[in-house]
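As structure tokens, the structure follows; a few thoughts come after it.
Sequence lines set the chain letters: A, B, ... in the order given, protein chains first and strands last, and positions in each chain run from 1. Atom set for the values below is all heavy atoms of this structure, side chains included, hydrogens, waters and symmetry mates excluded. In this text, all values refer to a predicted model and were calculated from it rather than measured experimentally.
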Amino acid sequence: MICWHPDVEYRFINFLLFSSIPMPKNAISPTRQKDYPEWYQQVVKAADLAENSPVRGCMIIKPWGYGIWENMQRVLDRMFKDTGHENAYFPVFIPKSFLEKEAEHVDGFAKECAVVTHHRLEPGPDGGLVPAGELEEPLIVRPTSETIIGDAFSRWVQSYRDLPLKINQWANVVRWEMRTRLFLRTAEFLWQEGHTAHATKQEALEETRMMLGVYADFAENVMAMPVIKGEKTAGERFPGADVTYSIEAMMQDRKALQAGTSHFLGQNFSKAQEIKFQDAEGGESFAWTTSWGVSTRLIGALIMSHSDDDGLVLPPRMAPRQVVILPIFKNDEEKAKVMEACKALDKELKTLQYHGYRVESFVDDRDLRGGEKKWYHVKRGVPIRVEIGPRDLEKGSVFVGRRDQPKSYGISQAEFVSTLTDTLDEIQNGLYERALAMRAEHTRSIKSWDKFEKFFTPKNKDQPEIHGGFAECYFVDCPETDEKLKPLKVTPRCIPLDQDNEEGYCVFTGQKTKVKGIFGKSY
RNA sequence: CGGGAUGUGGCGUAGCCUGGUAGCGCGCUACACUGGGGGUGUAGAGGUCGCUGGUUCAAAUCCAGUCAUCCCGACCA
């Protein structure tokens, strides 16, 4: 600068601050890189999925979030029925004595049970209401329903002809957690729990694995979320189960999320609750039972699998609405024409079928500024935005924005409609491929403790950056292994069902073994 | 339940150290301009500073207690 003058400098700074220098702008702050947990919270908020409730640890699921859950329910419910299950409903309250029957089960859940001790409120001395009418036997708000369903099963099952018994219920459960996060861990959550009883061990085991397969199929093909099917180690097993299987997914911060579990309960619950039957030979046997479940946690998994720094990204098969139509006009005259065209397109799109269901589209004709409206839908993860304005009407075209890519493009309306379901599939598959590539990039086969330790240690200890991932290691499931992992906050996620059966040495104990496990930090 | 922090209009916050009855941003309302993009301007509405008590002429500001929330641990879908 040749001559300096305060005013000049002021204008220069002003220019820098307010002129239209294009700055990379994201709808969500902070970004994933900067503060992943906070990013997650902001996405939930910006997409209007849920909010914290007046009751600590509980959440209010808002329409857009509940819409996702309804889609999950719809698809899963059909899958359950296709594999021979029926829905039923059991009470939210469980007599305390029921929970006491299975020792391991008690240990697992007692610490986090909500207990009902009274059945009435009376005016208190200070004007408020105080509980009165103490119950003779306290009731537990179900943390899971093995015990109360098992009790029913014990009455329903008499003969081998009553088996198998395959029941599912959609319900809410309560677990009084210390620390909660929307969708990932809440004190009350929605889920489905399947409970089955079988005449033979073999059949029960097959059921357990089949349902694990159903979950994996759903996660990968409907949620576009790649998962690893595997068995849980002893330390991670469901309280009271002989074998616990799970599907494990990698989130974008490279932490693992258990997305669904399927338990082989052996005869533990049937013996505790006397689920027994007379077999064909006239002898008396205990049934073999299973239980399996997924919860609203899947919504958390969905968010963290695909979303970006502009907010939620929904795979089309999960989106409550696949298409939003945005009318663009300047005056009433244009509005009339544009709205007519929008409604016609909306109607036409709704006649299309996508994976067995109607395509859901809607016209957003709210009186909002264009940009605001666009970002509203970007943040909510609507897969496809269609803009229609006067110019498009003349050309018979539409302007299309896809949530999975930054750029918009023009296309003839006829072509848009005829290729819509293909485009949706392209988005759906693209999201899966992207998540799969991300997981592959951060999965390592690790053979030494040194490398293992390094893999899971952040460079910056005070403000840990996103690091680690999945480590695939030979290991022996024993207390020594668990102890060694503790300081790293790494846990065995699962023992994958796919094993190559080659021999190696346990990374933690040095013992010879054929078993490989997946290790990671987890939610 | 251990360690740390916070509690001010719908949301986010300044003020608190050095007491003198609240300021800002976003949002909201109205109008105008603008209109393929989260724009601009003008005018408004909205709080007594978590709760209780104390110190003081005077407290959002100091003290005590209490409740709630958040973060870090132990526990967990």
Side-chain angles (χ1 to χ4, degrees), chain A residues 18 20 25-29 35 37-38 41-42 45-46 51-57 107-113 126 142-144 171-181 183-193 215 232 235-239 241 244-249 256-263 291-301 310-311 326-331 334-335 338 364 366-379 385-393 397-401 408-410 462-464 486-487 489 491 493 522-523:
Chain A
F18 302 108
S20 53
K25 197 177 168 189
N26 296 114
I28 302 297
S29 169
D35 185 348
E38 182 59 23
Q41 309 266 43
Q42 292 303 324
K45 200 172 153 191
E51 63 187 29
N52 276 308
S53 78
V55 181
R56 179 198 147 76
D107 278 354
F109 287 107
K111 284 166 293 186
E112 50 189 40
C113 283
D126 305 322
R142 64 179 162 220
T144 178
N172 60 337
V173 287
V174 169
R175 297 181 189 175
W176 215 261
E177 300 286 351
M178 290 288 105
R179 292 188 60 200
T180 58
R181 283 180 79 188
F183 292 117
L184 296 174
R185 174 161 302 111
T186 46
E188 179 193 17
F189 55 95
L190 306 183
W191 77 347
Q192 61 67 218
E193 45 181 328
Y215 287 155
K232 284 291 190 184
E236 301 266 316
R237 210 174 277 151
F238 177 76
T244 288
Y245 294 105
S246 76
I247 50 171
E248 299 284 331
L257 187 83
Q258 179 175 311
T261 48
S262 185
H263 313 291
S291 71
W292 28 273
V294 296
S295 70
T296 35
R297 180 178 237 205
L298 284 180
I299 298 175
D310 283 330
L326 306 171
I328 289 163
F329 50 81
K330 286 181 194 141
N331 49 47
E334 285 184 0
K335 179 178 178 178
V338 169
D364 186 353
R366 288 175 304 161
D367 181 21
L368 282 179
R369 280 183 290 271
E372 204 173 339
K373 210 188 269 186
K374 170 193 160 181
W375 283 101
Y376 174 86
H377 296 291
V378 169
K379 286 185 278 193
R385 302 181 303 279
V386 187
E387 300 171 4
I388 299 184
R391 271 184 272 155
D392 299 303
L393 291 189
S397 67
V398 293
F399 207 63
V400 178
S408 308
Y409 55 91
D462 299 326
Q463 259 190 312
K486 246 185 185 167
K489 289 181 197 163
T491 48
R493 297 322 307 148
S522 82
Y523 274 93

Mind calculating the distance between [atom1] ([X]) and [atom2] ([N]) to the nearest angstrom?
X: A/Lys374; N: B/G39; atom1: NZ; atom2: C1'; answer: 14 Å
X: A/Ile388; N: B/G36; atom1: CD1; atom2: C1'; answer: 13 Å
X: A/Glu177; N: B/A77; atom1: CD; atom2: C1'; answer: 8 Å
X: A/Tyr245; N: B/A77; atom1: OH; atom2: P; answer: 18 Å
X: A/Tyr523; N: B/C75; atom1: OH; atom2: P; answer: 19 Å
X: A/Asp35; N: B/C71; atom1: CG; atom2: P; answer: 11 Å
X: A/Glu51; N: B/G12; atom1: CD; atom2: P; answer: 12 Å
X: A/Phe329; N: B/G37; atom1: CZ; atom2: P; answer: 16 Å

Under a 3.5 Å cut-off for both contacts, is [N] paired Watson-Crick or G-U wobble with anything, and if yes, with which nucleotide?
N: B/G2; answer: B/C72
N: B/A58; answer: none
N: B/C26; answer: B/G10
N: B/U52; answer: B/A64
N: B/G41; answer: B/C31

*Apply salt bridge (Lys or Arg N to Asp or Glu O under 4.0 Å) to A/Glu334 and A/Arg391, showing your working.*
CA-CA 10 Å; A/Glu334 285 184 0; A/Arg391 271 184 272 155; over 6 Å; no
*Flag for A/Thr491-A/Arg493: side-chain donor and acceptor within less than 3.5 Å*: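 A/Thr491 and A/Arg493 do have a side-chain donor-acceptor pair below 3.5 Å.
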*Kindly indicate whether the side chain of A/Pro143, heavy atoms from C-beta on, has any atom under 4.5 Å from the side chain of A/Val173.*
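Result no, sub-4.5 Å side-chain heavy-atom pair not found.
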_Stacking of A/Phe399 on B/G36 base (centres under 5.5 Å, planes under 30°)_ =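 One would not call A/Phe399 stacked on the B/G36 base.
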Which of the following nucleotides, [options], is nearest to the side chain of [X]?
X: A/Glu112; options: B/C11, B/G35, B/C75; value: B/C75
X: A/Glu387; options: B/G38, B/G37, B/A77; value: B/G37
X: A/Ile328; options: B/C71, B/G38, B/G36; value: B/G36

*For A/Pro327 and A/Gly260, take the nucleotide of RNA chain B holding the closest heavy atom to each; which residue's nucleotide lies nearer the 5' end?*
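Per heavy-atom nearest nucleotide, the more 5' residue is A/Pro327.
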*Starting at the 5' end of RNA chain B and moving along, which residue's nearest nucleotide shows up first, A/Ser522 or A/Asp367?*
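It is A/Asp367, whose closest nucleotide lies nearer the 5' terminus.
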*Distance check: side-chain N/O of A/Lys486 vs OP1/OP2 of B/A74, anything under 4.0 Å?*
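Looking at the OP1 and OP2 atoms of B/A74, neither is under 4.0 Å from any side-chain N or O of A/Lys486.
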*Does the side chain of A/Arg369 get closer than 4.0 angstrom to OP1 or OP2 of B/G39 through an N or O atom?*
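Yes, such a contact exists.
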*Between B/A22 and B/C63, how far is it from one C1' atom to the other, in whole Å?*
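One C1' to the other, the span is 23 Å.
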*Evaluate the ring planes of A/Tyr215 and A/Trp292, with Trp represented by its six-membered ring, and classify them as parallel (under 30°), tilted (30 to 60°) or perpendicular (over 60°).*
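Geometry flag for A/Trp292 against A/Tyr215: perpendicular rings.
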*Run the side-chain contact (heavy atoms from CB on, under 4.5 Å) check on A/Phe189 and A/Arg175 step by step: do they pass?*
CA-CA 8 Å; A/Phe189 55 95; A/Arg175 297 181 189 175; 4.0 Å; yes
_Cation-pi geometry met for A/Arg366 and A/Tyr376 (6.0 Å, 45°)_ =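 The answer is yes, since A/Arg366 meets both limits relative to A/Tyr376.
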